[in-house]
Amino acid sequence: MEKTDVLSLFPEELETLAVSLGEQKFRGKQLYDGLNRGVKTFREITNLPRRFLDVLEEQAELRSMTTERKLVSKLDGTVKFLFGLQDGEAVESVFMRYKHGNTVCISTQVGCRMGCSFCASTKAGLKRSLTPSEMLLQVKCAEQETGEKVSNIVLMGMGEPLDNYDNVLRFLHLVNRKEGMNIGMRHISLSTCGLVKEMDRLAEEKLQITLSVSLHAPTDEKRREIMPIARLYDLKTLMAACDRYTAKTARRISYEYALIAGINDTPADAHALGKLLQGRLAHLNLIPVNPIRERSYQRSGREAIQAFAAITESTYQVSTTVRRRLGGDIDASCGQLRAARDQL
Ligand code: SAH
C-alpha cells in the first residue's frame, strides 16, 4: 500500500486522516502545525500521542529533500540548489534577493517533455512530475538553508507546470494557506510554454497569480523552429487563449522572450512582436538567452537588445523590461546543474 504523503495535504485533510486513524480531529491540526514548523520526523511533533505517531510511521510518509549542491553567487548573493529527492532524482531551485523580497524559483518536474531547443531542462526528456510536497520542500529548504524568509515564488524552474496541473494547483493552494506559508497568490508567477487547454482550465480557477507565457518568437514559422509546442498550437490559437485568460482573471500576462542572436532578435522580429502584443494587457520580459552546452546559441549584444526593447516599447507601447541577470557566475538558469550531475 502506498503511504500517505502528508506534506501534500491540507489541514482539513489531515484532520480527516487523523479521524480515519482513530484519533480526534484536532490531532490533524497539530500534525499540520508540526509539519509546517519543518520537522524532519513525526516523533519531533511532541504534542501528538505515541500511538498516533506509531500509526503515522506505519501508514504515512514524511517526505524530505537533501541539499546535494549549493552554489552562492559572488556577484549578487543568488543561491542555486540541487536538491536530491527520495527516489534518487534531483531538481534545481534558485533563491534570489530582490528589493521587493526574496524569491524562490522552483521546479515542477524532473526533466521536461516540451523539447524547447534552447532549454537545458528538456534535453533528457521527462523523468517524472513532482508531488505538491516536493514543490513545497524546495521553498522550505531554501528558507532553511539561507535562514531568510521567502516572499515570492516563481514556477520557472525545470519542467512545464501545466503538464503537472493537479499537483501544481494543489501546491499553489498549500503555500497560500494562512496557517501555512501564507504566500499571497499575487506573489506567485507561473510560466508556461503555452498549453492552451490547461491555460483555459487555469483561467476558470480565477487565481490572482501572474501568468507568464513563453513566446520566444513572433511568427509561427520561427516559433515552430525552437518550440515544438508551436506545432500543436499556432500563435493565433495561443493568443486567443491568452485573451480569454485576461478576460476571465483581469490579470496582465507577462510574455517571456529569450533573445537569441541571429534567430529572433532582429528589428523585424521586434516589429512583429510589437504588433502581436499591441493593445493587449501585456508585459514583455526580454531575457538575454543563457547559452547551453548542447546548442551554439549566442546571447544578443547589448545594442541589439536595447534596439529591440525600444521598438516594442516606443513604437507599439508594449511595457517592456530586460531581465537583469542574477547569478551569472553560477549557471543560475535551471537545468544545467542536473544535466551536469547526470554526466558524472
Ligand atoms: N515550462 C515553462 C517554465 C520553464 S523555464 C515555460 O516554458 O515557460 C522559465 C523560462 O525560462 C521560460 O520562458 C523558458 O523558455 C526560459 N528558458 C529556458 N531555457 C532558457 C535559456 N537557455 N535562456 C533563457 N531562457 C530560457
Side-chain angles (χ1 to χ4, degrees), residues 80 91-94 96 103-126 129-130 135 138 153-165 167-168 171-172 188-196 198-199 202 209-218 222-223 225-230 232-233 238 241-242 245 253-261 263-265 273 282-300 305 308 321-328 330-340:
K80 176 154 189 176
V91 291
E92 296 176 26
S93 319
V94 185
M96 296 163 284
T103 299
V104 173
C105 173
I106 66 155
S107 296
T108 54
Q109 295 182 312
V110 182
C112 182
R113 56 186 183 135
M114 296 300 129
C116 300
S117 66
F118 46 83
C119 179
S121 302
T122 192
K123 292 301 162 202
L126 175 69
S129 284
L130 296 184
M135 293 180 239
Q138 293 175 61
I153 300 175
V154 297
L155 283 71
M156 291 193 183
M158 297 164 50
E160 166 52 49
L162 297 187
D163 189 35
N164 183 17
Y165 190 93
N167 285 344
V168 163
F171 162 74
L172 295 179
I188 302 177
S189 295
L190 182 155
S191 182
T192 179
C193 64
L195 298 186
V196 164
E198 287 76 13
M199 284 168 65
L202 188 64
I209 60 170
T210 298
L211 180 67
S212 291
V213 174
S214 299
L215 214 46
H216 303 318
K222 284 204 181 191
R223 200 162 185 266
E225 270 175 37
I226 53 176
M227 300 179 74
I229 190 71
L232 189 59
Y233 302 116
L238 175 60
C242 291
Y245 188 88
I253 293 182
S254 183
Y255 293 89
E256 309 284 307
Y257 194 100
L259 286 163
I260 314 173
I263 305 276
N264 62 1
D265 69 339
L273 184 61
H283 177 80
L284 174 62
N285 199 7
L286 298 173
I287 318 162
V289 77
N290 201 37
I292 60 172
R293 267 174 226 101
E294 296 82 351
R295 286 275 177 158
S296 57
Y297 290 144
Q298 294 302 315
R299 196 168 297 144
S300 310
I305 296 175
F308 197 99
T321 49
V322 179
R323 185 181 290 173
R324 191 160 65 94
R325 199 154 175 259
L326 290 177
I330 54 168
D331 252 8
S333 298
C334 276
Q336 314 207 29
L337 261 192
R338 174 173 167 265

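Indexing begins at 1, ligand by ligand and atom by atom, following the structure's order. Atom set for the values below is all heavy atoms of this structure, side chains included, hydrogens, waters and symmetry mates excluded. Just so you know, residue 1 is the first one in the sequence shown, and it goes up from there.
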query = When you measure from the side chain of Y257 to the backbone N and O of D265, does any donor-acceptor pair fall under 3.5 Å?
reply =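 It does not hold such a pair.
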request  = Could you tell me whether a side-chain N or O of R323 sits under 3.5 Å from a main-chain N or O of L286, the two making a donor and an acceptor?
outcome  =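 It does not hold such a pair.
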key: Nearest option to atom 4 (C) of ligand 1, as decided by whichever heavy atom of G157, S214, C116, S189 sits closest   =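 When every heavy atom of G157, S214, C116, S189 is considered, G157 comes closest to atom 4 (C) of ligand 1.
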key: Options S191, P291, S107, C112, ranked by nearest heavy atom to atom 10 (C) of ligand 1, top entry   =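 Nearest heavy atom to atom 10 (C) of ligand 1 lies in S191.
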task = State, without any angle test, whether T192 and E160 hold a side-chain donor-acceptor pair at a distance under 3.5 Å.
result =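 There is such a pair (donor and acceptor under 3.5 Å, judged by atom type) between the side chains of T192 and E160.
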key: Qualifying residues under ring pair (Phe, Tyr, Trp, His ring centres under 6.0 Å), relative to F118, sequence neighbours excluded   =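 Checked F118 against ring pair (Phe, Tyr, Trp, His ring centres under 6.0 Å); matches are H216.
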task = Check whether any side-chain heavy atom of S117 lies under 4.5 Å from a side-chain heavy atom of E225, and answer yes or no.
result =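 Counting from C-beta outward, S117 and E225 never come under 4.5 Å.
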query = Any side-chain heavy-atom pair from I106 and L155 closer than 4.5 angstrom?
reply =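 The answer is yes, as the side chains (C-beta and beyond) meet within the 4.5 Å cut-off.
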Which ligand 1 atoms are under 4.0 Å away from a heavy-atom of [X]?
{"X": "C193", "answer": "6 (C), 7 (O), 8 (O)"}
{"X": "E256", "answer": "13 (O)"}
{"X": "C119", "answer": "18 (C), 19 (N)"}

request  = With sequence neighbours excluded, tell me which residues meet salt bridge (charged side-chain N to carboxylate O under 4.0 Å, His left out) with K123.
outcome  =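 For K123, no residue satisfies salt bridge (charged side-chain N to carboxylate O under 4.0 Å, His left out) once neighbours in sequence are set aside.
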Given that the side chain starts at C-beta and the backbone is N, CA, C, O, which of these parts of [X] lies under 4.0 Å from ligand 1, counting heavy atoms, or is it both or neither?
{"X": "M156", "answer": "both"}
{"X": "T192", "answer": "backbone"}
{"X": "H216", "answer": "side chain"}

query = So, is G159 polar-close to ligand 1, with some N/O to N/O distance under 3.5 Å?
reply =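 Indeed, backbone or side chain, G159 has an N or O that close.
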